[in-house]
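Read through the structure below, which is laid out as structure tokens, and then see the notes.
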Amino acid sequence: MLMQQSPNLQITELDLARLQRLLAQMGDIDHDHVDNLRDKLGQAHVVEPREVPPDIVTMNSSLVCEDADSGKPLQLTLAYPEDADPGKGQVSVLSPIGSALLGAGLGETVAYELPNGAVKRLRVKEIVFQPEARGWFEM
């Protein structure tokens, strides 16, 4: 299992509550990226939505990443599973890429594993939209 987490990982109280509820509904599903998400939530520093820095990826954040191997830019939005649409760049927090991006900071490189076992690395180049930075604390 890839463990990719910032040493100062921050998550908002609202994101934590929603994600814990989502994981509880899933039961004991055994997938490395879901286990990674569970571990992240257990170790994260919980902050009020008004306190999260604007350069941190939170739920519903839109960002531009760069593939560390090819340099290709990717526009992504970190979404809840019901809102995910990979074809439109809306990645589920329960996917390997989504669980890796949660809590990532601007300039940080995250790693996640593809189904074929290859490791992919993405660098967070820009956070285009973060709900909390816009004053949207209930999104």
So, taking the atom named SG in Cys65 and the one named CZ in Arg121, what distance separates them when rounded to the nearest 0.5 Å? 14.5 Å
Please confirm whether the backbone N or O of Ile97 pairs with a side-chain atom of Lys120, one donor and one acceptor, at under 3.5 Å? no
Transitive ILVMFWY side-chain link Leu19 to Val46, under 4.5 Å: yes
Carboxylate-amine/guanidinium proximity below 4.0 Å for Arg18 and Asp15: no
Ser99 side-chain N/O to Ser95 backbone N/O, donor-acceptor pair under 3.5 Å: yes
Do Glu66 and Pro73 have side chains that get closer than 4.5 Å, going by heavy atoms? no
Gap separating the NZ atom of Lys40 from the CG atom of Leu9, nearest 0.5 angstrom: 6.0 Å
Ala111 and Ala100: which non-hydrogen atoms are nearest, and at how many Å? O-CB, 3.6 Å
Between Ser61 and Gln130, the two heavy atoms sitting closest are OG-CG, 3.6 Å
Got Val47 and Glu13 here, is their nearest side-chain heavy-atom distance under 4.5 Å? no
Interatomic distance, Glu48 atom CD to Leu14 atom CG [nearest 0.5 angstrom]: 12.0 Å
Say whether Val128 and Leu78 are linked into one hydrophobic cluster, either directly or through other cluster members, by side-chain heavy-atom distances under 4.5 angstrom. no
Would the distance check show the side chain of Asp85 and the main-chain N or O of Gln90 forming a donor-acceptor pair, the cut-off being under 3.5 Å? no
Could you grab the distance from atom CE of Met26 to atom CG of Leu37, nearest 0.5 Å is fine? 8.5 Å
Test of understanding: clusters of I, L, V, M, F, W, Y form through side-chain heavy atoms closer than 4.5 Å, transitively. Do Leu74 and Val124 belong to the same one? yes
Tell me if a side-chain donor or acceptor on Thr77 pairs with a main-chain N or O of Ala79 at a distance below 3.5 Å. no
4.5 Å side-chain heavy-atom contact, Met59 and Val93: yes
Thr109 and Leu122: side-chain contact (heavy atoms from CB on, under 4.5 Å), yes or no, with the steps? CA-CA 5 Å; Thr109 299; Leu122 294 177; over 6 Å; no
Any heavy-atom pair between the side chains of Thr58 and Val52 that's under 4.5 Å? yes
Nearest 0.5 angstrom please: Asn60 CG to Arg134 CZ, how far? 13.0 Å
What about Ile56 and Leu102, same hydrophobic cluster or not, with Ile/Leu/Val/Met/Phe/Trp/Tyr joined at side-chain heavy-atom distances under 4.5 Å? no
Please report the interatomic distance CD(Glu51) to CD(Glu132), rounded to the nearest 0.5 Å. 12.0 Å
Would you say Tyr112 and Leu101 make side-chain contact, with heavy atoms under 4.5 Å? no
